[in-house]
Visitor: 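If you scroll down you'll find the structure; I have some questions about it.
Values in this document were obtained by computation on a predicted structure and should not be read as measured data.
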Amino acid sequence: MNLKHLFDRKPDSYSVHYEEQQAASVFADHLLTLLPPPGSCPVVFAFIGTDRSTGDSLGPLVGTLLEEKKVTAFHMYGTLENPVHAVNLTEKLALIEKEHEHPFIVGADACLGRLKSVGHIQIGKGPVKPGAGVNKQLPAVGEAHITGIVNVSGFMEFFVLQNTRLHLVMSMARVIADGIAKASIRYSASALLQQSLSQSDQDLKRQAAMYAKQLFKKDIES
């Protein structure tokens with residue numbers, strides 16, 4: 001596996017439509033470029049939203065799908081059963097900081113945008129800003145962000161979120177979850193490869209040290 005190629009940097013942000021061919025794989029490619037080197041720090045995903053609003057359920061839907069996939073490379077917060085939303089967001093962020101040492105957080109949330117952008121999944125550097133679309137003042141989340149544009153902004157945003165088609169949200173959630181699952185497999189594999197390379201280096205050093213000792217002993221005896 002070419003680790004350099006796997007984590008080559010791409011532009012700070014990228015957008016893919018959920019109906020594009022290989023959307024999940026393309027999403028995984030770009031997600032991997034944003035993550036820290038495997039083993040350097042815990043990677044935490046915070047899926048923000050609530051199942052009480054169709055449009056705002058994107059985050060917890062992704063979290064639930066990943067919970068079912070049993071993804072283990074990353075830590076996940078926010079599901080349909082235990083959502084991360086406006087009321088408990090500050091508390092959940094404090095919990096993440098307490099449970100994980102210097103975590104790299106990826107914030108994920110639904111958002112509103114232009115008509116031609118609906119259905120696009122955006123991924124990039126910098127935090128997600130939950131509540132911005134409905135004029136709520138909430139803390140920014142993450143060193144990287146994932147946002148899914150589920151409907152059109154500009155008028156009665158709260159009402160628009162409530163009346164977003166569940167089919168669209170569910171389809172986007174599946175692409176995001178599949179993309180994160182694909183990225184987790186490659187992330188875990190690269191971590192194992194780095195660990196094996198590191199162990200090989202240690203083995204080589206031990207063998208070299210033993211060989212040097214044997215040579216030194218022969219020199220004394222001679």
Visitor: So Leu61 and Leu80, side-chain contact (heavy atoms from CB on, under 4.5 Å) or not? Walk me through it.
Guide: CA-CA 6 Å; Leu61 276 170; Leu80 292 173; 3.8 Å; yes
Visitor: Can you classify the ring geometry of Phe74 versus Phe45 as parallel (below 30°), tilted (30 to 60°) or perpendicular (above 60°)?
Guide: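 Ring orientation of Phe74 relative to Phe45: tilted.
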Visitor: Can you hop from Ile96 to Val87 via hydrophobic side chains spaced under 4.5 Å?
Guide: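 Result: no, two separate clusters.
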Visitor: Would Leu65 and Ile176 count as a side-chain contact (heavy atoms from CB on, under 4.5 Å) if you check the C-alpha gap in whole Å, the side-chain angles of each, and the deciding distance to 0.1 Å?
Guide: CA-CA 10 Å; Leu65 289 171; Ile176 296 171; over 6 Å; no
Visitor: Measure the spacing between OH of Tyr18 and CD1 of Ile149 and express it to the nearest 0.5 Å.
Guide: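 So the OH of Tyr18 and the CD1 of Ile149 are separated by 13.0 Å.
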Visitor: Where do Pro42 and His102 come nearest, in terms of heavy atoms and distance?
Guide: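 Heavy atoms of Pro42 and His102 come nearest at CD-O, 4.1 Å.
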Visitor: Quick one: pull up OG1 in Thr33 and CG in Leu35 and give me the separation to the nearest 0.5 Å.
Guide: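 Rounded to the nearest 0.5 Å, the OG1-CG separation comes to 8.0 Å.
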Visitor: Evaluate the side-chain contact (heavy atoms from CB on, under 4.5 Å) criterion for residues Val128 and Ile146: first the C-alpha distance (whole Å), next the side-chain angles of each, then the deciding distance (0.1 Å), finally the verdict.
Guide: CA-CA 7 Å; Val128 70; Ile146 299 167; over 6 Å; no
Visitor: Kindly compute the distance separating CE (Met76) from CD1 (Ile180), expressed to the nearest 0.5 Å.
Guide: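 Going from CE on Met76 over to CD1 on Ile180, the span is 6.0 Å.
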Visitor: Would you name the heavy atoms of Pro130 and Leu89 that are closest together and state the gap between them?
Guide: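 Looks like CG-CD2, 3.7 Å.
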Visitor: When rounded to the nearest 0.5 angstrom, what is the spacing between CD1 in Ile48 and CG in Leu138?
Guide: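 Ile48 CD1 to Leu138 CG: 8.5 Å, rounded to 0.5 Å.
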Visitor: Looking only at heavy atoms, which two atoms of Ser57 and Asp51 are closest? And how far apart?
Guide: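 Closest heavy-atom pair between Ser57 and Asp51: CB-CA, 4.2 Å.
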Visitor: Answer whether the closest heavy-atom distance between the side chains of Ser184 and Thr72 falls below 4.5 Å.
Guide: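 Ser184 does not reach Thr72 side chain to side chain.
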Visitor: With the 4.5 Å side-chain cut-off for hydrophobic clustering, are Tyr77 and Val62 part of the same group?
Guide: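 Different clusters.
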Visitor: If we only count heavy atoms from C-beta on, is the Asp178 to Lys69 side-chain gap below 4.5 Å?
Guide: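 Result yes, sub-4.5 Å side-chain heavy-atom pair found.
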Visitor: List the atom of Ala46, the atom of Val141, and the distance in Å for their closest heavy-atom pair.
Guide: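 Smallest heavy-atom distance, with atoms named: CB-CG1, 4.1 Å.
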Visitor: Where do Leu58 and Gly148 come nearest, in terms of heavy atoms and distance?
Guide: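 So the minimum-distance heavy-atom pair works out to CD2-CA, 3.7 Å.
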Visitor: Give a yes or no answer on whether the side chain of Glu20 reaches the backbone of His17 with a donor-acceptor pair at less than 3.5 Å.
Guide: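 Yes: the side chain of Glu20 pairs with the backbone of His17.
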Visitor: So that I can tick it off, tell me whether Asp29 and Lys182 are bridged by a salt bridge, with the cut-off set at under 4.0 angstrom between side-chain N and carboxylate O.
Guide: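 Judged by the 4.0 Å cut-off on N to carboxylate O distance, Lys182 and Asp29 do not form a salt bridge.
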Visitor: Does some side-chain heavy atom of Leu32 sit less than 4.5 Å from a side-chain heavy atom of Tyr187?
Guide: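 Tyr187 vs Leu32: side chains touch.
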Visitor: Closest heavy-atom contact between Leu168 and Val150?
Guide: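 Result for this residue pair: CD2-O, 3.2 Å.
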Visitor: Please tell me whether Val44 and Val106 are part of a single hydrophobic cluster in this structure, the criterion being side-chain heavy atoms less than 4.5 Å apart.
Guide: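 No; tracing contacts between hydrophobic side chains, which count when under 4.5 Å, never links both residues.
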Visitor: Given the rule in the side-chain contact (heavy atoms from CB on, under 4.5 Å) test, do Leu161 and Asn151 qualify, once you have shown the distances and angles that lead to the verdict?
Guide: CA-CA 7 Å; Leu161 278 173; Asn151 215 324; 5.8 Å; no
Visitor: When the ring planes of His30 and Tyr14 are compared, do they come out parallel, tilted or perpendicular, using 30° and 60° as the limits?
Guide: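 The rings of His30 and Tyr14 lie parallel, inter-plane angle below 30°.
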Visitor: What's the separation between atom NE2 in His145 and atom NZ in Lys125, rounded to the nearest 0.5 Å?
Guide: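 With rounding to 0.5 Å, NE2 (His145) is 11.5 Å from NZ (Lys125).
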Visitor: What residue among Gln122, Lys129, His120 forms side-chain hydrogen bond (donor to acceptor under 3.5 Å, both in side chains) with Thr147?
Guide: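 Considering Gln122, Lys129, His120, a side-chain hydrogen bond (donor to acceptor under 3.5 Å, both in side chains) with Thr147 is found only for Gln122.
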Visitor: So, taking the atom named CZ in Phe104 and the one named CG in Leu34, what distance separates them when rounded to the nearest 0.5 Å?
Guide: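 The CG atom of Leu34 is 6.5 Å from CZ of Phe104, to the nearest 0.5 Å.
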Visitor: Would you say that Pro103 contacts Glu97 through its side chain, given a criterion of any heavy-atom pair below 4.5 Å between the two side chains?
Guide: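 Yes. Closest side-chain heavy atoms under 4.5 Å.
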Visitor: Quick one: does any side-chain atom of Asn88 pair with a main-chain N or O of His85 as donor and acceptor, under 3.5 Å?
Guide: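 Answer holds: yes.
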